[in-house]
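Notes for the one structure printed next.
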Amino acid sequence: MATLLRSKLSNVATSVSNKSQAKVSGMFARMGFQAATDEEAVGFAHCDDLDFEHRQGLQMDILKTEGEPCGDEGAEPPVEGDIHYQRGGGAPLPPSGSKDQSLGAGGEFGGHDKPKITAWEAGWNVTNAIQGMFVLGLPYAILHGGYLGLFLIIFAAVVCCYTGKILIACLYEENEDGEVVRVRDSYVAIANACCAPRFPTLGGRVVNVAQIIELVMTCILYVVVSGNLMYNSFPGLPVSQKSWSIIATAALLPCAFLKNLKAVSRFSLLCTLAHFVINILVIAYCLSRARDWAWEKVKFYIDVKKFPISIGIIVFSYTSQIFLPSLEGNMQQPSEFHCMMNWTHIAACVLKGLFALVAYLTWADETKEVITDNLPGSIRAVVNIFLVAKALLSYPLPFFAAVEVLEKSLFQEGSRAFFPACYGGDGRLKSWGLTLRCALVVFTLLMAIYVPHFALLMGLTGSLTGAGLCFLLPSLFHLRLLWRKLLWHQVFFDVAIFVIGGICSVSGFVHSLEGLIEAYRTNAED
C-alpha cells in the first residue's frame with residue numbers, strides 16, 4: 001500500500017509539472033518563441049515514449065495487484081501544449097490532416113506506407129512536364145530570337161535545373177545533432193516559412209494564386225491548341241476555329257465529374273509516347289528537306305517587340321517546380337534527385353534545341369505559332385488529330401489540380417474556409433460544387449474563344465507565373481531560408497537569377513499583353 005501511495009503521489013506531481021510546463025510553453029508560443037523545430041519535437045517525442053514505457057513497466061504489476069484499472073478514465077482533460085501517449089488508443093487523436101497524424105500514418109516525414117519511386121520514374125515524370133505539347137511553340141520563339149533564342153533554350157534549362165535544386169534545399173534544415181533533415185513538404189510550406197512569423201500564411205497564398213493561374217492558363221492553352229489544330233487540319237469544312245474549340249470543350253465537360261485521376265492516368269503513358277512519335281515524325285520530315293534549309297534566315301539580332309514573348313514561351317516549356325517537392329519526397333533515394341534533374345534537363349535542352357532549330361530552318365519566316373500547321377495537308381491532318389487527342393486527354397490533369405487547390409484553399413479549411421464544403425458527408429459532390437466545376441470548364445472555353453492565340457497566351461503565362469515559380473520565388477526563398485549557410489557564389493547566382501528573371505518577366509508580360517491587345521483589335525476590325 002505504501003508503494004502504491006508513493007506511485008500515485010509521483011503521478012500527481014508529474015501531472016502538475018506537465019501542466020505547468022504546458023502553460024509556460026503556451027505563454028512563450030504566444031510571445032512568438034518556438035520551443036523546438038519539427039524534427040526536434042519528433043526526437044523529444046521518442047524520449048517521452050521511452051520514459052513512458054519505463055514508468056509503465058515499473059507500475060503495471062502494482063496496479064494489477066491492487067485491482068486498479070490500467071486506463072486513465074478519470075484523468076483530467078489534457079492541457080493545451082501537454083503531450084499524452086497511450087498505447088490502448090484511449091487518448092484523443094489529432095484532428096484530421098494534422099501534422100501529428102501525418103507523422104504517425106505515413107505522412108511526408110514518415111511516409112513508409114506510400115509506394116516510393118525510383119530516380120528513373122521521377123525523371124520520367126519531370127520529362128513529361130518539360131517535354132510536353134508546348135514545345136510546338138519553340139520554333140516560333142526562334143523566329144523572333146534567332147541564335148539568341150537557341151541560347152535562351154540552353155540558359156533556361158540550366159537556370160530551371162538550378163532553381164529546382166535550391167527549391168528542394170529549402171525543404172531541409174540541420175537539427176541539433178548537425179544532421180540535415182526534411183522539415184517541409186511542399187512549395188506552399190516553403191513560402192509560408194519565408195513569411196513567418198509575421199505573415200505565416202501569406203507566402204502560401206501567393207504561391208497558390210500563381211499555381212491556380214498557371215494551371216487554368218494551361219487548360220485554356222489545351223483548348224486553344226485543339227481548336228487551332230482542327231481548324232488547320234480541315235480548312236475546307238465550314239467550321240471556324242471558335243466552333244472547333246466549342247466542340248472540344250463539349251468533350252471536356254465530363255472532367256467536372258472527376259473525383260480522382262485513376263481513369264485518366266491509364267492513358268498518360270500512351271499519350272506521352274504518341275507525342276514523342278509525333279516529334280520524331282516532324283523532325284524526320286524536316287530532315288527530308290535538309291537541302292532547302294535556310295541557314296541565312298537564322299538571325300544574330302532580335303525583334304525587340306517579339307523576343308520578350310519568346311522568353312515567356314521558352315520559360316513556360318520548362319515549368320516543373322510546382323510538383324518537385326512532392327516528387328523528391330516520394331523518391332526511394334532522395335540523394336539521386338540532383339543527378340535526375342541534371343540528365344532530364346540536359347536531355348530536354350538538347351531535344352528542344354534540335355526540334356526548334358530544325359523546324360525553323362525548314363520553314364524560316366513562314367514558321368507559324370504551332371509548328372504542325374506548317375506540315376503538308378496529308379501529313380498535317382494525321383499528326384494534328386493525334387495532337388488534339390493528346391491535348392484533350394492532358395486537359396484533366398491541370399484541371400483537376402486547379403480544382404483541388406481551389407477546394408483546399410477556399411472550401412476545406414474548417415473555420416477558415418470562405419465557402420461551405422463541395423462534398424457531402426457521404427463523400428458525394430454537391431450540386432453547387434459540380435456547377436462551379438462546370439463553370440471553370442466554360443471559363444476556359446470563353447478565354448480560348450476570345451483569345452485564340454497560342455504563342456501569345458503561352459508567352460503571357462510563362463512571363464507571369466512561369467518566371468515567378470521557376471526563377472524569382474526559388475532564388476528568393478533560398479536567400480531567405482539559407483542565407484547564413486550560402487557561399488558568395490551561391491548568393492551571386494541567386495541575386496542574378498532574381499534580377500534577370502524579374503526583368504524578363506516584366507518585359508515578357510508587357511509585350512505579350514501588347515501583342516494580345518493588338519491581335520484583339522485586328523480580329524475586331526476583321
Side-chain angles (χ1 to χ4, degrees), residues 130-157 224-225 227-237 241 273-314 316-318 346-388 390-391 453-456 458-459 515 519:
I130 62 179
Q131 295 276 31
M133 287 189 61
F134 302 114
V135 298
L136 299 176
L138 292 180
Y140 188 76
I142 303 298
L143 173 65
H144 298 297
Y147 286 109
L148 188 57
L150 285 174
F151 169 77
L152 191 60
I153 291 176
I154 301 173
F155 178 76
V224 170
V225 77
N228 180 287
L229 291 172
M230 292 302 294
Y231 176 72
N232 287 283
S233 298
F234 306 100
L237 294 178
Q241 180 174 337
L273 292 176
H275 181 64
F276 276 110
V277 171
I278 291 168
N279 285 348
I280 291 173
L281 289 176
V282 174
I283 293 177
Y285 176 81
C286 295
L287 292 175
S288 68
R289 296 182 54 187
R291 294 181 179 179
D292 301 326
W293 281 358
W295 286 98
E296 70 280 0
K297 295 289 185 178
V298 185
K299 301 167 291 192
F300 283 96
Y301 61 91
I302 62 174
D303 186 335
V304 178
K305 284 190 174 182
K306 300 290 186 178
F307 183 66
I309 303 174
S310 302
I311 296 175
I313 293 174
I314 293 171
F316 186 75
S317 69
Y318 280 106
I346 290 173
C349 174
V350 172
L351 292 176
K352 288 180 179 181
L354 288 176
F355 182 84
L357 179 61
V358 167
Y360 175 74
L361 289 174
T362 304
W363 290 286
D365 293 338
E366 297 179 1
T367 301
K368 297 183 179 180
E369 292 185 6
V370 182
I371 194 61
T372 54
D373 290 342
N374 288 103
L375 293 170
S378 56
I379 303 176
R380 181 173 66 236
V382 176
V383 171
N384 284 355
I385 287 174
F386 277 100
L387 283 173
V388 170
K390 175 176 170 53
H453 302 282
F454 179 75
L456 292 175
M458 191 174 168

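Start at 1 with the first residue, then count along the sequence. Just so it is clear, the values below take in all heavy atoms, side chains as well, and ignore hydrogens, waters and symmetry mates. Everything quoted here is computed from the prediction, not taken from an experiment.
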Query raised in the report: Under the side chain to side chain donor-acceptor pair (under 3.5 Å) test, which residues partner N384, sequence neighbours left out?
Result: S233, T372

Query raised in the report: Considering residues at least two apart in sequence or located in another chain, which fulfil the side chain to side chain donor-acceptor pair (under 3.5 Å) criterion with W363?
Result: none

Query raised in the report: Does N232 use its side chain to pair, donor to acceptor, with the backbone of N228 at less than 3.5 Å?
Result: yes

Query - Atom pair CD1/CZ of I371 and R380 - distance to nearest 0.5 Å - result: 12.0 Å

Query raised in the report: Nearest heavy-atom pair of C286 and V358: which atoms, and what distance?
Result: CB-CG1, 3.1 Å

Report summary line: CE of M458 to CD1 of I309, rounded to nearest 0.5 Å, is 12.5 Å

Query raised in the report: In Å and rounded to the nearest 0.5 Å, what is the CG to CZ distance from L150 to F155?
Result: 15.0 Å

**Report entry** Pair listing, salt bridge (Lys or Arg N to Asp or Glu O under 4.0 Å) test, anchored in residues 359-373, at least two apart
**Finding:** K297-D365

Would you tabulate the side-chain donor-acceptor contacts of residues 347-356 under 3.5 Å, counting partners in other chains and residues two or more places apart, or write 'none'?
{"from": "K352", "atom 1": "NZ", "to": "I130", "atom 2": "O", "distance (Å)": "2.7"}
{"from": "K352", "atom 1": "NZ", "to": "S317", "atom 2": "O", "distance (Å)": "2.6"}
{"from": "K352", "atom 1": "NZ", "to": "S317", "atom 2": "OG", "distance (Å)": "3.2"}

Requested in this report: Step through the shown structure and confirm whether more than 12 heavy atoms of other residues, nucleotides or ligands are within 6.0 Å of OH on Y285.
Outcome: yes

Report task. Drop me the distance from I153's CD1 to I313's CD1, to the nearest 0.5 angstrom. Result -> 10.5 Å

**Report entry** Test side chain to side chain contact (heavy atoms under 4.5 Å, CB included) applied to L138 and I142, step by step
**Finding:** CA-CA 7 Å; L138 292 180; I142 303 298; 5.7 Å; no

**Report entry** Residues that L148 engages under side chain to side chain contact (heavy atoms under 4.5 Å, CB included), provided they are two or more places apart
**Finding:** F151, I302, F307

Report summary line: side chain to side chain donor-acceptor pair (under 3.5 Å) filter on Y140, not counting sequence neighbours, yields H144

Report task. Mind listing the closest non-hydrogen atom pair of K299 and L143 along with its distance? Result -> NZ-O, 2.8 Å

Report summary line: side chain to side chain donor-acceptor pair (under 3.5 Å) filter on T367, not counting sequence neighbours, yields none

**Report entry** Test side chain to side chain contact (heavy atoms under 4.5 Å, CB included) applied to A156 - qualifying residues, sequence neighbours left out
**Finding:** I314, Y318

Query raised in the report: Shortest non-hydrogen contact from Y360 to P139?
Result: CD1-O, 4.2 Å

Query - L357 side, atom CG; T362 side, atom OG1 - distance, nearest 0.5 Å - result: 9.0 Å

Report task. Just jot down the ring-ring contact (aromatic ring centres under 6.0 Å, His included) partners of Y147, sequence neighbours excluded, or say none. Result -> F300

**Report entry** From CG (L387) to CG (N279), nearest 0.5 Å
**Finding:** 8.0 Å

Report summary line: Hits for side chain to side chain contact (heavy atoms under 4.5 Å, CB included) against Y231, two or more places apart or cross-chain, chain-then-number order -> Q241, W244

Query raised in the report: Taking C-beta and beyond as the side chain, do L152 and I311 meet within less than 4.5 Å on heavy atoms?
Result: yes

Requested in this report: Please identify each residue that fulfils ring-ring contact (aromatic ring centres under 6.0 Å, His included) with F316, with sequence neighbours left out.
Outcome: F134

